[in-house]
Every structure is written in structure tokens, then in C-alpha cells.
Novice: 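Okay, here's the structure, questions in a sec.
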Amino acid sequence: MTTKHFYETFHPDHYDLFIDVNREKKTIAGTSTITGEVIEDTVLINQKYMEVSSVKCDGVEVPFTVSDKDEAIKIDLGKKGSVKIEIVYTAPLTDTMMGIYPSYYMIDGVKKQIIGTQFETTAARQAFPCVDEPEAKATFSLALKYDEHEGETTLANMPEIKVENGVHYFEKSVKMSSYLVAFAFGELQSKLTKTKDGVEVGVFATKAHQAKELDFAVDIAKRAIEFYEDFYQTKYPLPHSWQLALPDFSAGAMENWGLITYREAAVLLDPDNATVEQKSYVATVIAHELAHQWFGDLVTMRWWDDLWLNESFANMMEYVSIDALEPDWQIWDNAYQISEVPAALKRDATDGVQSVHVQVEHPADIDSLFDGAIVYAKGSRMLVMVRALLGDDALRKGLKYYFDQHKYSNATGDDLWNALSTVTDLDIGKIMHTWLDQPGYPVVNAHVDENGHLILQQKQFFIGEGKEVGRTWAIPINANFKAPQIMTQTELDLGDYKQLRAEAGHALRLNVGNSSHFIVNYDEKLMADIMANLEQLTTVDQLQLLQDLGLLAEGGQISYAEIVPLLPKFATSKSYIVINALFNTARELRKFTKPGSNEEQNLKAFYNLLSEKQIARLGWQSNNDVGDDSLIRPLALSAGLYAENAQVIEGGHQIFANNKNDLVKIAASIRPYVLVNEVKNYRKQDLVDHLINEYQVAVDPYYKADLLAAITASQDITDINKIVADFKNADVIKPQDLRSWYFNILANAKGQQAAWDWLRKEWSWLEKTVGGDMEFTTYITVTARIFHTANRLQEFTEFFEPKINQPGLGREIQMDTKVIATRVNLVEQQQSAVNKAIKTVLS
């Protein structure tokens, strides 16, 4: 691929697009007419999978060549200046969930389809010839034709002006990047409302869903837009904001300007049977995409190396907005601290991880940038640190300046720091470059030296082997005692420990609130002081203690054996985030046991010890939950099932029996555990077949996820083989859901071999089916999440090493090989001590 950006040859200004989609023949035919400025004699326009029949410049046919390798149409114009280029083309309608593609669904036993689009990162060029680069912003006038029948709805970024001779014409768009263009059509239902400023807000879905499933999203979307208009002090720039649920969608959602597309599970829910977690998930996804309407759409990164500008920011703002709209959900603690934070800390500790800001050119490598743990989670942690340093008033002023300077245009990371530096004396850019341009993060070792001084030392933290290259960070250390705001030195002497302790009046701690991206390793003296006053710590502080100890154990700086005796101290907490951290840590202990061994029986007994009091207190269901009870219950039940707690097993079976004719009605918070329990402990001959049939006709995406969890928990090899045989059958398992099925079977000790064999045998089919999108590499990631034996490491390496030079796969293969190797070594080193520690606690 040439590293020349096509924008260097031609600056588009406006597109007149005519696109004719034929669903029956699975073809697209169209004309892309581009008005713009020629910069070089040879103009480069992107195309992919296209047959180009003619190219005209200012009405005159001109010679051109099509290069599939460079995804280009090369047009020799021999002149510069303003021109109008008209390209006539045809292209296939694919089933890869990229470009223009069909989504399939069933209604009353009939298979139907909706056509939707997914153009990020480089798939607009599959739909129409364009300069498919973020910097090439232009206006778009869309004319859309398709094999239409009565009762269909047609949507696009902008409102429809008219329909003439079966062609739908839409208003001219504002200036935007090609990857944000979107349209869709099919038989849809909708719920509409207006913001107080008159922006029309709508949620659209297939008619297979109940109308009430759209209510929650339309309310959140309306309120989120109003919140952002106020927070950004910048009006929403389009007449409408459509949210469209697509039955087939490879990512979670996509921020197309004015027409946001979603997986059904990310936007629809049954308000009468949804958990707080499901509501907060849907709300944060919607809020994330709407944050992008300003940050990403109105102002767009100049090139993909600054993708974090879009994603990190939207990732922070989804929590800022939902915390303001639904304060009772405590979204920062109950979602951000238990999902984004640990994901970032774990991934970012492996040597070879990408930095948040990373140079990139090849389209497949651009797709591989979408690392949820780094560009989203770590990047948002960087911005959370900036928010804490600036405060909201200054942040909002800085953002308003940023939008005013760059709207309808492009920006780089430094443009953001320059905007924020107008509202503070801190050199924000200097601080942030230490975080964004370097991979990894520090562990701060806190110890009292022989002179009685408290010493802090920062050093890069690695899980597994890591090359120490002397990186340092500007760390906001957030101490709960007298200490500097930012630590830039490798070592810091904070003075006499006893005096600091006396002045503070409590155990000394760093990174209070867990908002900075580092972990702390306290020496014995400091740790004993913290543990002696455990109940005085906030729930976030307790979660952080478990989080940091777990990471230090993963990194071999302490042993999991040291953590085991501490876990029961947290077991009776009434805080969801503490219990969540407790069982996350306990789950890590499973890798030290073999299925069916005495050690595994001891671990199950240990799980029982950790969960039995919560189970006795909460049971399977209750009408008088208080505080976090409804969130803790599923965690305790899940632990109780692993522990083979007879009371839990029998109770779950009873609920299944009472609801066996209408399983969807079981309370959503306990439903997955009821179903899993039934499959694992009460499997009858046709149970799994029955649940697979139920899965195929179910419409509620959360119920489908629960059925998936249950089906893949089967301990019967016949069931497992039958499930694996359906991996390629899109009528049973949609390609968008396949990774979840594969991962669950792989994680099931009885199914691991079958799933792993399937992946190796069907890799080329998989590449053909989902290889065009950013989910593809995650099949490697989720495989590495499960493997922990030397044998599996060898098999993994033998299979993936030959693919290491393939664009988009190289970094993931290197990283994940390291992840498995690290785990294999960790098990070898700590296994006997960990199992001994578990036995000791039980005795």
C-alpha cells in the first residue's frame, strides 16, 4: 500500500452520490460525482471490490486505471485546479458486515432483511468511489434507489427531501468525513421525540421487537443530546439524531453523523425485565456514540494515528453524561471502575502493547488500532486524569474553544492540549505526552527506608517479561497526605514517615479514588497499617487494593498465595464493586487447578467460604433488596454454582421448573444462572436442543445471551459437537455472535479441544466471513485469555506464528503469545504455594 495519502492529490469539496441497491441480485450500481481541487496531475480516488466503467472530468471521458492492491482509481488529468469528476461503477453487496450490507432477521417464521452501512475505518470505498480518509471532509448529497416494496422506511444522515421515480433524495450534509456517511432501509418501527431545542430524536428497529423495547433508548438519547449541548456549550449541528438497531452488526455501535447504528443489544431492552447493568450498558453506549457527534464528527482526527482523540474522549464522556443523567446508578464506580480500569491495567502491562497514540498506514493495521483496552479504556483514563487536574468548568471552557477553532474540520492531539492550555497554568500537553506516546504504565513502590523516610519509586510495570528502557511518567499521585501533585522523578523522598502518618491521622495511601493510571506496591509496614483499618476505606479504595494486589501477583512481584488469606476479609461486604473485585481475584485462582483434581475441590470449597454468607442473606430472589443487593446476588449465585452449593443448585432448578414454559419471564438478573444450572446439573435428553430452538426464535438480545451461556455450558460431548458443527450455520449463529459462542465453548473444559480444533481448521473461512472488520483479531485475543498450559502455548505458537506478517494480525499474535507464556510460567512458579494457601485457609 502506498503511504501517500490520497488527499495529497485531490481535495474533494462536494459529492453527488447516486446509489442503486438491488437486494435480490446482491449488487450496487452507482455514480459518484465529486467536485474538488486537483493538487497533483495524477489523482488518486479510493475504491474497493468495484468495477469502474467510466470516468469523466468536467464532462469529458478521461483515462484511468484501477488498482485493487492500492484500493485506488488512478486518473491522469494533467491539470490542476477546480474540477468535477464523475465515476460510474458497480460493486457487490457483501455479507461481511462492512460497506453496504444486509442484516437478517426472522418475523413470524419468515426471513427478512434490512440494508445498513458500516464504513469505519476504510469501507466507504466499498460503497462509492471517494477520498476515503478522515481529512478529506466534504459535503454529500445522496440519492438512493432500491428494490423497494410498500411499508419500508429509508434513513440517512440527513432528512429526506423528496422521492421521485423511486429515488430518495436527501438534504445536502454538512462537511464531514466519508467514514461517517450512512443510510439504511427496510421494514422498521420507530419511536420519536424532540429535544427542547427541536432536534428530532428517533430509535428504529425491526418489527420483530416489542414496541416497548425502544422506549428506554429514545429517552436516554434525547436527554444525552441536551446534556452535551450544555456541557460542550455547542449546539448539536444536525436536524435529527436517528438510533438504528441492526440485527447484524460487527462492532457495538457506530457514530455515523445523524444516523447512529447499533447492535440490537446495545440499544434495545425490555423495560419490564432489565437489570441495572443492562440499562447502564445501553445508556453508556448511546451516550458514547452521541458524544462522538461533536468529538469525532464535528471535529475529526486528521489521521487514524489520533484515533484516541475520538474514542478516548467519547469513552470518558459516556460516563460523565450518564452520571449526570442517572446519578443513582453510580456509574463511575459500578461500571467504569470494574470494566474500563482493569481492562486497561491488564492489557497495558504486556510488553509490546501499542501506545495510545500510534503511527499507522495500512488499512488492516488501522483496524487493529481499535484496541478496546488501550485506545478506549486507557485513553479515557488519561482524560479522566486531565479532568481531575482541570476541574469541569475549565475543561468545558477549553472544549468550547477547541470546537470553535476546529468545527467541520480536523484536529490532532496537540490541538486539544493547546485548547485546554488556554484555561490552566499546567502544561497539559507535556504531562499527557508521557502517557499517550509511551506504552505501559508505572508501579510506584512505596517503602519506609532505614532512616525512617517514606520513599516513592516509579518503574514500568510488566506482566511477564519486559524490557526495562527507563520510561518515566508525569504521575498525578493523589495522596491522602501531604505530597506533591505530580511525580515526574524516578525517586521521591517525602520525608519522615512517622511525622507524615501523625499529621494525616490515617494509613497513608496513593492514587486515592483509583483515577490515575498506575498501581502501588506498599511495603509490609505500610500494607499492615492499611489492612488494620480496612473498614475505614471507601469501597473504591477496597476494590483498588484487590485490583493492585492481583496485578502485582500477575507480575510476579508478590504471590497469589499472599492474597488468598486476605480474600475472606472482604467476603461479607455489602458493596457490589468490592464483591466484584473479590470474585474477579478468586477467578484468577482457577488457573492453578486442573479440572476434577483435589485442588479444584479445595478451590470450590474456598468459593463456598467466600459466597455462603451472601447466599444465605440474599437467596435466589427477594422483594426487599436494599443498596447493592440486587447486583451482588448474581455474583454470589455464580460463585455458589461453581462451589457446587447444594442449596443454590436445588433453588435454581426450582425456578426453572416453575418457569419452564416461559423462560424469558425469569428475572433477568438471575436468568443466566438458572439456565446454566439446569444444563450443567439437570440435563435431560432434549434440553440443549430445546434451548437452541428457543435461541433461534428469541428476539430479546439479553435473553439470547443467557441462552447462549447455558447452551455452551453443557458438559455433554454430543451437545458440544453439535454446537461446534453449527458455528458456520448463520441461521443458528449469526457471524456477529460467533466469537461469543467460540469463546464460551473454549472456556468450557469439556469443549476446549473441539473449539480450538474448529478455529484452526476453519481459519480461512473465518477470515473470509469476518476478516474485513475490526472484530477479526479478537478471535486471537479471546483464545489467549483461556490458554494456560505449555502444550496449548506450543499449539498456539505453531498455528499463529506463520501469520505474524499478515497486516493487522502481527501485534496481536506477538502480544497474545507473550500473554499465554507469562501465564504458563506464573502457574508453574506459584501453583503449589497457591493451592497450599487455599488448603490452609480451609483448615
Novice: My understanding is that only residues two or more places apart in sequence, or in another chain, count here; which of them pass ring pair (Phe, Tyr, Trp, His ring centres under 6.0 Å) with Phe606?
Specialist: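 By the ring pair (Phe, Tyr, Trp, His ring centres under 6.0 Å) rule, Phe606 matches no residue at all.
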
Novice: Would you find a donor on one side and an acceptor on the other, under 3.5 Å apart, between the side chain of Ser638 and the backbone of Leu635?
Specialist: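 No: the side chain of Ser638 does not pair with the backbone of Leu635.
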
Novice: Assess whether side chain to side chain donor-acceptor pair (under 3.5 Å) is satisfied between Tyr560 and Glu554, documenting all intermediate values.
Specialist: CA-CA 8 Å; Tyr560 270 110; Glu554 289 285 320; 2.5 Å; yes

Novice: State plainly whether the residues Lys604 and Glu599 are in salt-bridge range, i.e. N to O under 4.0 Å.
Specialist: no

Novice: Return yes when atom CG of Asn598 has more than 12 non-hydrogen atoms of other residues, nucleotides or ligands closer than 6.0 Å, and no otherwise.
Specialist: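 No - once you tally the heavy atoms of other residues, nucleotides and ligands closer than 6.0 Å, there are 12 at most.
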
Novice: Closest approach of His788 and Val827, non-hydrogen atoms and distance?
Specialist: O-CG2, 4.4 Å

Novice: Does the side chain of Asp437 come under 3.5 Å of the side chain of His433 through a donor N or O and an acceptor N or O?
Specialist: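 A donor-acceptor contact under 3.5 Å links the two side chains.
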
Novice: How about Asn825 and Thr822: does a side-chain donor come under 3.5 Å of a side-chain acceptor?
Specialist: no

Novice: Think Arg381 forms a cation-pi with Phe518, using NZ or CZ under 6.0 Å from the six-ring centre and within 45 degrees of its axis?
Specialist: no

Novice: How about Arg739 and Thr778: does a side-chain donor come under 3.5 Å of a side-chain acceptor?
Specialist: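 Yes.
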
Novice: Check whether the ring centres of Trp756 and Tyr742 lie less than 6.0 Å apart, and answer yes or no.
Specialist: no

Novice: Just by distance, no angles: are the side chains of Ser380 and Tyr336 close enough, under 3.5 Å, to form a donor-acceptor pair?
Specialist: yes

Novice: Does the side chain to side chain donor-acceptor pair (under 3.5 Å) test come out yes or no for Ser516 and Asn478, once each step is laid out?
Specialist: CA-CA 8 Å; Ser516 291; Asn478 303 337; 3.3 Å; yes

Novice: Under a 3.5 Å cutoff, is there a donor and acceptor pairing between the side chains of Glu340 and Tyr319?
Specialist: yes

Novice: Could you please spell out the steps behind the side chain to side chain contact (heavy atoms under 4.5 Å, CB included) verdict for Thr817 and Leu793?
Specialist: CA-CA 7 Å; Thr817 306; Leu793 172 61; 4.2 Å; yes

Novice: Considering all heavy atoms of both residues, which atom of Val375 and which atom of Val356 are nearest to each other, and what is their separation?
Specialist: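 Shortest heavy-atom contact: CG2-O, 4.0 Å.
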
Novice: Does a side chain donor of either Asp541 or Thr538 reach within less than 3.5 Å of an acceptor in the other side chain?
Specialist: yes

Novice: Under a plain distance cut-off of 3.5 Å, with no hydrogens placed, do Asp529 and His506 share a side-chain donor-acceptor pair?
Specialist: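 No - no donor-acceptor pair under 3.5 Å links their side chains.
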
Novice: Determine, for Asp351 against Lys467, whether the closest basic-nitrogen to carboxylate-oxygen distance falls under 4.0 angstrom.
Specialist: no

Novice: Does Arg823 have any side-chain hydrogen bond (donor to acceptor under 3.5 Å, both in side chains) partners at least two apart in sequence or in another chain, and if so, which?
Specialist: none

Novice: Under 6.0 Å from the six-membered ring centre of Tyr441 and within 45° of its axis: does the NZ or CZ of Lys378 meet both?
Specialist: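 No, Lys378 does not sit over the ring of Tyr441.
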
Novice: For the residue pair His288 and His292, categorise the inter-ring angle as parallel (less than 30°), tilted (30 to 60°) or perpendicular (more than 60°).
Specialist: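 His288 and His292: perpendicular rings.
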
Novice: Should we say atom NZ of Lys482 is surrounded by more than 12 heavy atoms from elsewhere, each under 6.0 Å from it?
Specialist: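 Result for NZ/Lys482: open.
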
Novice: Is there a donor in the side chain of Gln547 and an acceptor in the side chain of Gln542, or the other way round, less than 3.5 Å apart?
Specialist: no

Novice: Would Lys803 pass as a cation-pi partner of Phe799, given that its NZ or CZ must be under 6.0 Å from the six-membered ring centre and within 45 degrees of the axis?
Specialist: yes

Novice: Using 4.0 Å as the upper bound for N to carboxylate O, is an ion pair formed by Lys346 and Glu588?
Specialist: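 Result for this pair is yes, salt bridge flagged.
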
Novice: Is NZ or CZ of Arg501 both nearer than 6.0 Å to the six-membered ring centre of Phe481 and within 45° of the ring axis?
Specialist: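 The answer is no; the distance or angle limit is not met.
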
Novice: What I want to check is whether the side chains of Glu812 and Thr781 have a donor and an acceptor closer together than 3.5 Å.
Specialist: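 A donor-acceptor contact under 3.5 Å links the two side chains.
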
Novice: Under 30°, 30 to 60°, or over 60°: which ring-plane class applies to Phe800 and Trp763, parallel, tilted or perpendicular?
Specialist: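 If you compare the ring of Phe800 with that of Trp763, the planes turn out perpendicular.
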
Novice: Could you walk me through whether Asp348 and His517 pass side chain to side chain donor-acceptor pair (under 3.5 Å), step by step?
Specialist: CA-CA 10 Å; Asp348 204 24; His517 193 57; 3.0 Å; yes

Novice: With a sphere of 6.0 Å drawn around CD of Glu798, does it hold more than 12 non-hydrogen atoms of other residues, nucleotides or ligands?
Specialist: yes

Novice: Please report the C-alpha distance between Leu809 and Ile804 in whole Å, then the side-chain angles of each, then the deciding distance to 0.1 Å, and finally whether the side chain to side chain contact (heavy atoms under 4.5 Å, CB included) criterion is met.
Specialist: CA-CA 6 Å; Leu809 299 185; Ile804 213 151; over 6 Å; no

Novice: Checking Tyr522 now: which residues fulfil ring pair (Phe, Tyr, Trp, His ring centres under 6.0 Å) with it, not counting sequence neighbours?
Specialist: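 Scan of Tyr522 (ring pair (Phe, Tyr, Trp, His ring centres under 6.0 Å), adjacent residues dropped) gives none.
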
Novice: Looking at every non-hydrogen atom in both residues, tell me the closest pair between Gly495 and Leu500 and how far apart they are.
Specialist: O-CD1, 4.1 Å

Novice: Just do the side chain to side chain donor-acceptor pair (under 3.5 Å) check on Thr412 and Asp415 with the steps written out, would you?
Specialist: CA-CA 5 Å; Thr412 65; Asp415 292 325; 3.3 Å; yes

Novice: Can a donor-acceptor pair be found between the side chains of His357 and Asp305 at a distance below 3.5 Å?
Specialist: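 A pair is found: one side chain offers a donor N or O, the other an acceptor, under 3.5 Å apart.
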
Novice: Do Gln354 and Asp371 have side-chain atoms, one donor and one acceptor, less than 3.5 Å apart?
Specialist: no

Novice: Distance-only, no hydrogens or angles: does the Asn748 side chain make a donor-acceptor pair with backbone N or O of Thr712 under 3.5 Å?
Specialist: yes

Novice: Would you tell me whether Trp304 and Asp306 have side-chain atoms, one donor and one acceptor, within less than 3.5 Å of each other?
Specialist: no

Novice: So does Gln753 have more than 12 non-hydrogen atoms from other groups sitting under 6.0 Å from CD?
Specialist: yes

Novice: Do we see a donor-acceptor contact under 3.5 Å between the side chains of Glu318 and Tyr376?
Specialist: no

Novice: Locate the shortest heavy-atom distance separating Leu826 from Phe592; write the atom from each residue and the value.
Specialist: O-CE2, 3.8 Å

